[in-house]
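Working notes, beginning with the structure itself.
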There are 2 protein chains.
Amino acid sequence: MGRRGDVLELAVLGLLHESPMHGYELRKRLNSLLGAFRALSYGTLYPALKSLLGQGLIREAGAGQGPALTGKRGRIVYELTAEGKERFQSLVTQPGPAAWEDERFNVHFAFFSRTDAATRLQVLEGRRSRLQERLEGFRTSMTRTRERLDSYTMELEQHGLESVEREVRWLTELIDSERAGNMTHLEDPDRPRPTGPARSGVHGAPDRGR
Amino acid sequence: MGRRGDVLELAVLGLLHESPMHGYELRKRLNSLLGAFRALSYGTLYPALKSLLGQGLIREAGAGQGPALTGKRGRIVYELTAEGKERFQSLVTQPGPAAWEDERFNVHFAFFSRTDAATRLQVLEGRRSRLQERLEGFRTSMTRTRERLDSYTMELEQHGLESVEREVRWLTELIDSERAGNMTHLEDPDRPRPTGPARSGVHGAPDRGR
DNA sequence: GTTAGCATGTAAGGAGTTACATGATTTT
DNA sequence: AAAATCATGTAACTCCTTACATGCTAAC
């Protein structure tokens with residue numbers, strides 16, 4: 001509720017912006033949105049919906065119209081109110097520095113099509129700087145301790161390092177595309193990525209969760 | 001205390017197994033160990049140390065010997081007790097299915113040198129299956145929803161997918177190495193990864209797999 | 001008509017963060 | 001001797017999960 005780490009708020013508002021939905025379905029969409037695969041539980045979702053309802057950001061759809069439509073309480077379909085839409089827009093177009101934290105970034109990114117290029121660049125570049133700071137600290141700590149580590153620990157750190165490096169490259173490509181023609185290589189998802197800067201990259205983001 | 005998600009217990013015992021340390025220093029080591037870079041707070045660490053102390057798994061080092069040594073309360077250096085060592089060994093050699101969750105996996109991996117090859121294979125393979133399940137669900141949900149997603153969401157899912165694929169390949173290489181001569185390619189960290197299945201590629205690996 | 005799965009919720013508790021409070025040691 | 005930073009700790013609060021409790025709806 002507060003103003004705190006409410007990734008959920010943004011995510012729920014964003015999904016309901018696409019189309020009205022009931023909680024059960026919302027959860028499924030949420031799970032693929034929030035860092036691949038955290039199984040968000042109902043114990044989190046339903047109270048959150050309640051809170052959004054209380055704030056007047058969402059309302060039950062179908063209320064007031066046909067009384068026989070959803071009638072006897074089964075699913076409860078929610079939709080955004082006018083304030084909800086405004087709220088979403090302001091959240092998504094005014095990304096604080098929190099927007100480049102691991103999980104928030106994913107959510108912000110997923111709603112990029114509702115923002116302007118300037119906002120997108122801001123988020124992408126913020127995220128990249130964040131990761132580059134990490135790389136920095138990572139590399140120094142690796143050289144600092146390189147002697148006294150066994151092979152397994154080194155292998156682990158190496159893999160983590162490469163994962164972050166890969167994500168930086170990914171971001172760089174997105175930033176370049178965004179700066180050039182807006183997202184040329186994203187415009188037609190069916191075209192098999194013609195020639196562009198080889199974004200097929202193989203290396204991956206670090207472990208999921210973060 | 002509980003038996004639950006005590007990643008911390010394993011991590012702390014493991015680090016103290018290497019050498020005695022005080023909390024402040026422990027935290028730094030912990031942060032590079034626990035999924036690259038979570039800044040674990042003192043509010044978590046110190047109570048955890050207290051709990052381990054209460055369980056008799058660690059003790060204050062230097063107590064009983066020279067009373068003037070650490071004397072006036074500055075740092076408190078902890079070391080493992082005999083029970084602590086046993087506990088660590090049993091945790092590390094009997095990995096439950098929890099060992100392939102995102103964060104626990106890292107910690108287990110970091111202490112691989114204290115285990116036997118059978119345990120290592122069990123953990124690596126368990127982790128790989130876990131990720132492959134994810135890929136499965138990932139891919140089905142991607143085809144299920146492929147039409148109604150905008151380019152940004154697709155780009156995000158694609159990147160996530162490739163990240164997981166990359167980790168699976170990494171695990172596969174480790175498993176193969178483990179099965180062949182034990183970790184031949186890990187034995188000499190200075191050798192620049194001779195010929196093996198090209199896992200070195202820091203930049204834009206040619207791989208293209210997927 | 002009963003099982004299985006959809007759908008909504010609540011209560012208890014775990015695990016961690018922030019903010020606060022305090023003292024010791026090192027650097028300038 | 002002041003400032004910075006090392007070091008330890010506590011209290012309140014947040015976010016989330018687990019386990020539970022309940023009812024509706026579809027399939028067999």
Side-chain angles (χ1 to χ4, degrees), chain A residues 1-12 20-31 33-35 37-54 58-63 68-78 97-98 101-104 107 208-210, chain B residues 1-12 20-31 33-35 37-54 58 60-63 68-78 97-98 101-104 107:
Chain A
M1 8 190 54
R3 180 79 342 122
R4 268 279 94 62
D6 257 318
V7 208
L8 245 195
E9 177 179 14
L10 176 61
V12 168
M21 247 178 278
H22 58 275
Y24 199 82
E25 196 184 347
L26 208 38
R27 192 187 93 128
K28 281 189 277 187
R29 305 280 261 101
L30 240 18
N31 285 343
L33 194 66
L34 264 34
F37 297 40
R38 303 175 39 205
L40 183 76
S41 67
Y42 299 119
T44 311
L45 178 59
Y46 286 117
L49 286 175
K50 208 173 179 177
S51 156
L52 290 175
L53 200 57
I58 63 177
R59 80 169 89 85
E60 296 188 22
L69 261 173
T70 45
K72 63 272 304 251
R73 273 304 114 108
R75 1 168 104 185
I76 303 176
V77 175
Y78 293 101
E101 293 312 310
D102 295 307
E103 308 209 329
R104 284 191 95 97
V107 177
R208 270 319 329 152
R210 69 290 298 306
Chain B
M1 23 184 84
R3 178 76 347 115
R4 266 278 93 64
D6 257 316
V7 208
L8 246 195
E9 178 179 12
L10 175 60
V12 168
M21 247 178 278
H22 58 275
Y24 198 84
E25 196 183 348
L26 208 38
R27 192 186 94 129
K28 281 188 279 187
R29 306 281 260 101
L30 241 17
N31 284 345
L33 194 66
L34 263 35
F37 298 36
R38 301 175 42 205
L40 183 75
S41 67
Y42 299 119
T44 312
L45 178 59
Y46 286 116
L49 286 174
K50 208 172 177 179
S51 157
L52 290 174
L53 199 58
I58 62 177
E60 295 188 22
L69 261 173
T70 45
K72 63 272 306 258
R73 272 305 112 109
R75 359 169 106 184
I76 303 176
V77 175
Y78 294 100
E101 294 313 311
D102 293 308
E103 310 209 329
R104 284 190 94 95
V107 178

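In what follows, every chain begins at residue 1, and chains take the letters A, B, ... in the order their sequences are listed.
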Please enumerate all residues that pass salt bridge (charged side-chain N to carboxylate O under 4.0 Å, His left out) together with A/Arg59, with sequence neighbours excluded.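 A/Arg59: salt bridge (charged side-chain N to carboxylate O under 4.0 Å, His left out) contacts with A/Glu79.
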
Expressed as a whole number of angstroms, how long is the span from [X]:[atom1] to [N]:[atom2]?
X        : N      : atom1 : atom2 : answer
B/Met21  : D/dA7  : CE    : C1'   : 15 Å
B/Leu45  : C/dA15 : CG    : P     : 15 Å
A/Glu101 : C/dT18 : CD    : P     : 10 Å
B/Leu40  : C/dA15 : CG    : P     : 13 Å
A/Glu103 : C/dT17 : CD    : P     : 13 Å
A/Leu30  : D/dC16 : CG    : P     : 10 Å

Inter-axis angle, terminal five-pair segments of the helix from C/dG1-D/dC28 to C/dT28-D/dA1 [nearest 10°]: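 The value is 30°.
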
Shortest non-hydrogen contact between A/Leu40 and A/Asn31, atoms and distance: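 Scanning both residues, the minimum pair turns out to be N-OD1, 2.9 Å.
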
Which heavy atom of A/His22 sits nearest to which heavy atom of A/Ile76, and what is that distance?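 Distance-wise, the nearest heavy atoms are CB-O, 3.1 Å.
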
Tested for side chain to side chain contact (heavy atoms under 4.5 Å, CB included) against A/Tyr78, the lone hit among A/Val12, A/Leu53, A/Leu52 is A/Leu53

Partner set under side-chain contact (heavy atoms from CB on, under 4.5 Å) for B/Ser41, not counting sequence neighbours: B/Thr44

Side-chain N or O of A/Ser41 closer than 4.0 Å to phosphate OP1/OP2 of D/dT17: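 Yes, because at least one side-chain N or O of A/Ser41 sits under 4.0 Å from OP1 or OP2 of D/dT17.
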
Polar atom pairs between nucleotides 6-10 of chain C and protein, under 3.5 Å, N or O only, would you list them?
{"residue": "C/dC6", "atom": "OP2", "partner": "A/Tyr24", "partner atom": "OH", "Å": "3.3"}
{"residue": "C/dA7", "atom": "OP1", "partner": "A/Arg75", "partner atom": "NE", "Å": "2.8"}
{"residue": "C/dA7", "atom": "OP1", "partner": "A/Arg75", "partner atom": "NH2", "Å": "2.2"}
{"residue": "C/dT8", "atom": "OP1", "partner": "A/Ile76", "partner atom": "N", "Å": "2.9"}
{"residue": "C/dT8", "atom": "OP1", "partner": "A/Ile76", "partner atom": "O", "Å": "3.4"}
{"residue": "C/dT8", "atom": "OP2", "partner": "A/Gly23", "partner atom": "N", "Å": "3.3"}
{"residue": "C/dT8", "atom": "OP2", "partner": "A/Tyr24", "partner atom": "N", "Å": "2.6"}
{"residue": "C/dT8", "atom": "OP2", "partner": "A/Tyr46", "partner atom": "OH", "Å": "2.6"}
{"residue": "C/dT8", "atom": "O5'", "partner": "A/Tyr46", "partner atom": "OH", "Å": "3.2"}
{"residue": "C/dT10", "atom": "OP1", "partner": "A/Lys50", "partner atom": "NZ", "Å": "3.0"}

Which residues pass the ring-ring contact (aromatic ring centres under 6.0 Å, His included) test with B/Tyr24, not counting sequence neighbours? B/Tyr42

